[in-house]
Chemist: 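This is the structure I want to talk about, given as structure tokens.
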Amino acid sequence: MTVVEKIPALKFDRYRQSAPQVFEALRALIISLELEPGTVLPRAELAEHFGLSQTPIRDALMRLAEDGLVDIYPQHATVVSRIDIASALEVHFLRRSIEVEILKTICDLPEVTHAGLMLALENHLGVQQQCLMPLNYSELAKADAAFHREMYVTAGVGNLWDLVCQRSGQIDRLRRLNLPAEGKAQAIVSDHGAILDALRRKDKAGAELALRVHLGGTLSFVKEIHTLYPDWVKA
């Protein structure tokens, strides 16, 4: 199977520009590791596959390069980048700093708003639990993101979630590598339960501790990931 054959056909929304849609499709495949580090992305073949000119393909690849997900070698090739550990650590620091403050804000919310958020988080947690039996990595990742996004939006900083997602390509790929590890998926759901329990009690210290445990889980396995996937990771 060629690289282009791994890429599903894309039904374009005619009310949106094509380049952002190609970017989103390729980004999702890179984050999920369906397009592995080192994979060459031939512009002409991608243009033919999507039924577009090379201009929107070029624009999409340039956006991926800005996010550190591809390396562009002019007049030569565009290649899916190796996972940059230093970048992953920076984004982890950013996200942890933001979410610690979000948890404090949530604990101080008016009772009605707080109760509504607890119900929404319970629903997200229920979806995550369903993703464990049978185990569905893709849907679990979506449910994980929905749980965190709910807190950002309710705390009034929804735009920061977009910023974190934009910067999280490297650490998201690390998480995807670590997700199949035995017990990892179950630990994610358990961590969310611990965060939710602390928020119900409006226990700021307990919520922060649960969050630190949750967000630090993947990074604690960085050395192991580097050993198992030496060609995919850049220290």
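These numbers come from a predicted model, not from an experiment.
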Chemist: Does Tyr229 have any ring-ring contact (aromatic ring centres under 6.0 Å, His included) partners at least two apart in sequence or in another chain, and if so, which?
Modeler: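 Once residues adjacent in sequence are excluded, the partners of Tyr229 under the ring-ring contact (aromatic ring centres under 6.0 Å, His included) criterion are Trp232.
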Chemist: Taking the side chain from Asn136 and the backbone from Ser138, do they hold a donor-acceptor pair closer than 3.5 Å?
Modeler: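 Yes, because the side chain of Asn136 sits within donor-acceptor range (under 3.5 Å) of the backbone of Ser138.
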Chemist: Check whether any side-chain heavy atom of Leu46 sits under 4.5 Å from a side-chain heavy atom of Ile7, and report yes or no.
Modeler: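 A side-chain contact under 4.5 Å exists here.
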Chemist: Given side chains that start at C-beta, do those of Pro20 and Arg63 come closer than 4.5 Å, heavy atoms only?
Modeler: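 Of all side-chain heavy-atom pairs linking Arg63 with Pro20, at least one is under 4.5 Å.
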Chemist: If hydrophobic clusters are built by linking Ile, Leu, Val, Met, Phe, Trp and Tyr wherever their side-chain heavy atoms come under 4.5 Å apart, do Val157 and Leu109 end up in the same one?
Modeler: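 Yes, it is one cluster - the side chains of Val157 and Leu109 are joined through contacts under 4.5 Å.
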Chemist: Can you confirm whether Gln54 is buried at CD, in the sense that more than 12 heavy atoms of other residues, nucleotides or ligands lie under 6.0 Å from that atom?
Modeler: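 Above 12, so yes.
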Chemist: Roughly how far, to the nearest 0.5 Å, is SG of Cys165 from CZ of Arg167?
Modeler: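 So the CZ of Arg167 and the SG of Cys165 are separated by 12.5 Å.
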Chemist: Do Glu139 and Lys142 pass the salt bridge (Lys or Arg N to Asp or Glu O under 4.0 Å) test, and can you show the C-alpha distance, the side-chain angles, and the key distance before you say yes or no?
Modeler: CA-CA 5 Å; Glu139 291 304 313; Lys142 292 177 184 177; 3.3 Å; yes
Chemist: Name the residue from Leu177, Asp172, Thr39, Val80 that meets the side-chain contact (heavy atoms from CB on, under 4.5 Å) definition with Leu33.
Modeler: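 With Leu33 as partner, Leu177, Asp172, Thr39, Val80 yield a single side-chain contact (heavy atoms from CB on, under 4.5 Å), made by Leu177.
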Chemist: Which pairs pass side chain to side chain donor-acceptor pair (under 3.5 Å) with one or both residues in residues 78-94, sequence neighbours excluded?
Modeler: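 For residues 78-94: Ser81-Arg173.
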Chemist: Say you draw a straight line from CD1 of Ile98 to CZ of Arg95; how long is it, rounded to the nearest 0.5 Å?
Modeler: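 Result: 9.5 Å between the selected atoms.
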Chemist: Could you work out, with side chain to side chain contact (heavy atoms under 4.5 Å, CB included) as the rule, every residue matching Glu34, not counting sequence neighbours?
Modeler: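 Side chain to side chain contact (heavy atoms under 4.5 Å, CB included) list for Glu34, sorted by chain: Leu29, Ser32.
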Chemist: Run the side-chain contact (heavy atoms from CB on, under 4.5 Å) check on Ile31 and Arg176 step by step: do they pass?
Modeler: CA-CA 8 Å; Ile31 295 300; Arg176 187 62 184 82; 5.8 Å; no
Chemist: List the residues meeting salt bridge (charged side-chain N to carboxylate O under 4.0 Å, His left out) with Arg14, not counting sequence neighbours, and say none if there are none.
Modeler: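 Residues passing salt bridge (charged side-chain N to carboxylate O under 4.0 Å, His left out) with Arg14: none at all.
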Chemist: State the NZ-CG distance between Lys184 and Leu135, to the nearest 0.5 angstrom.
Modeler: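 Lys184 atom NZ to Leu135 atom CG measures 13.0 Å (nearest 0.5 Å).
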Chemist: Quick one: pull up OH in Tyr152 and CD1 in Ile106 and give me the separation to the nearest 0.5 Å.
Modeler: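 These two atoms lie 10.0 Å from each other.
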Chemist: Phe50 and Phe12: which non-hydrogen atoms are nearest, and at how many Å?
Modeler: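 Where Phe50 meets Phe12 most closely, the heavy atoms are O-CE1, 3.4 Å.
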Chemist: Counting N and O atoms only, with roles assigned by atom type, does the side chain of Ser190 sit under 3.5 Å from a partner on the main chain of Gln186, one being a donor and the other an acceptor?
Modeler: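 The answer is no, because no donor-acceptor pair under 3.5 Å joins these two groups.
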Chemist: Apply side-chain contact (heavy atoms from CB on, under 4.5 Å) to residues Leu199 and Leu121 and explain how you reach the verdict.
Modeler: CA-CA 10 Å; Leu199 289 176; Leu121 294 181; 4.1 Å; yes
Chemist: Give a yes or no on whether a salt bridge exists between Lys104 and Glu101, defined as a side-chain N under 4.0 angstrom from a carboxylate O.
Modeler: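 Looking at Glu101 together with Lys104, the answer is yes, because their closest N to O distance falls below 4.0 Å.
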Chemist: Check Pro56 against Ala19 and note the closest heavy-atom contact, atom names and distance.
Modeler: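 Nearest heavy atoms, Pro56 then Ala19: O-CB, 3.6 Å.
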Chemist: Group every Ile, Leu, Val, Met, Phe, Trp and Tyr by side-chain heavy-atom contacts under 4.5 Å, then state whether Val213 and Met151 land in the same group.
Modeler: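 Different hydrophobic clusters.
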Chemist: Give me the atom names and distance for the closest heavy-atom approach of Ser168 to Val91.
Modeler: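 What the structure gives for the nearest pair is OG-CG1, 3.4 Å.
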Chemist: Whether the side chain of Gln21 engages the backbone of Arg16 through a donor-acceptor N/O pair (distance < 3.5 Å, no angle test) should be reported.
Modeler: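 Yes; judged by distance alone, with no hydrogens or angles, the pair exists.
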Chemist: Identify the heavy atoms of Val70 and Leu61 that sit nearest to each other, and give their distance.
Modeler: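 What the structure gives for the nearest pair is CG2-O, 3.5 Å.
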Chemist: Report yes if the side chains of Tyr73 and Val79 come closer than 4.5 Å at any heavy-atom pair, otherwise no.
Modeler: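 Yes. Closest side-chain heavy atoms under 4.5 Å.
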Chemist: Find out if a path of hydrophobic residues (ILVMFWY) with successive side-chain heavy-atom gaps under 4.5 Å connects Leu163 to Leu211.
Modeler: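 Yes, one cluster joins them.
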Chemist: Taking Val189's backbone N and O only, do any of them form a donor-acceptor pair with Gln129's side chain (distance below 3.5 Å, no angle check)?
Modeler: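 Not at all, since once roles are kept as given, no pair shorter than 3.5 Å links the two residues.
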Chemist: How close do Val22 and Ala60 get, heavy atom to heavy atom, and via which atoms?
Modeler: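 Where Val22 meets Ala60 most closely, the heavy atoms are CG1-CB, 3.8 Å.
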Chemist: Which pairs, with at least one residue in residues 196-208 and sequence neighbours excluded, count as a side chain to side chain donor-acceptor pair (under 3.5 Å)?
Modeler: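 Listed by first then second residue: Asp108-Lys204, Glu111-Lys202, Glu122-Arg200, Asp197-Arg200, Arg201-Asp203, Glu208-Arg212.
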Chemist: Evaluate the side-chain contact (heavy atoms from CB on, under 4.5 Å) criterion for residues Ile83 and Lys234: first the C-alpha distance (whole Å), next the side-chain angles of each, then the deciding distance (0.1 Å), finally the verdict.
Modeler: CA-CA 6 Å; Ile83 302 171; Lys234 179 170 65 175; over 6 Å; no
Chemist: Should we count CZ of Arg149 as having more than 12 external heavy atoms under 6.0 Å?
Modeler: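 It does not: Arg149 CZ has 12 such atoms or fewer within range.
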Chemist: Should the pair Arg27-Glu24 be classified as a salt bridge under the 4.0 Å nitrogen-to-oxygen rule?
Modeler: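 Between Glu24 and Arg27 there is no salt bridge, as every charged N stays at least 4.0 Å from the carboxylate O atoms.
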Chemist: Among residues at least two apart in sequence or on other chains, which ones pass ring-ring contact (aromatic ring centres under 6.0 Å, His included) with His214?
Modeler: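 His214 satisfies ring-ring contact (aromatic ring centres under 6.0 Å, His included) with His148, His192 once adjacent residues are dropped.
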Chemist: Got a second to check how far Leu64's CG is from Ile72's CD1, nearest 0.5 Å?
Modeler: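 One finds 8.0 Å between CG of Leu64 and CD1 of Ile72.
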Chemist: Can you see which heavy atom on Arg175 is nearest to which on Leu215, and at what distance?
Modeler: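 Closest heavy-atom pair between Arg175 and Leu215: NH2-CD2, 4.2 Å.
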Chemist: Rounded to the nearest 0.5 Å, what separates atom CE in Met118 from atom CD in Glu150?
Modeler: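 Between atom CE of Met118 and atom CD of Glu150 there are 9.5 Å.
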Chemist: Between Ile30 and Val40, is there shared hydrophobic-cluster membership here, with clusters defined by ILVMFWY side-chain heavy atoms closer than 4.5 Å?
Modeler: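 Unlinked, Ile30 and Val40 end up in two clusters.
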Chemist: Is it the case that over 12 heavy atoms from other parts of the model lie below 6.0 angstrom from the CG atom of Asp13?
Modeler: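 Counting neighbours around CG of Asp13, more than 12 heavy atoms of other residues, nucleotides or ligands fall under 6.0 Å, so yes.
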Chemist: Report yes or no: do Ile102 and Leu94 belong to one cluster of Ile/Leu/Val/Met/Phe/Trp/Tyr joined by side chain heavy-atom distances under 4.5 Å?
Modeler: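 Ile102 and Leu94: one cluster.
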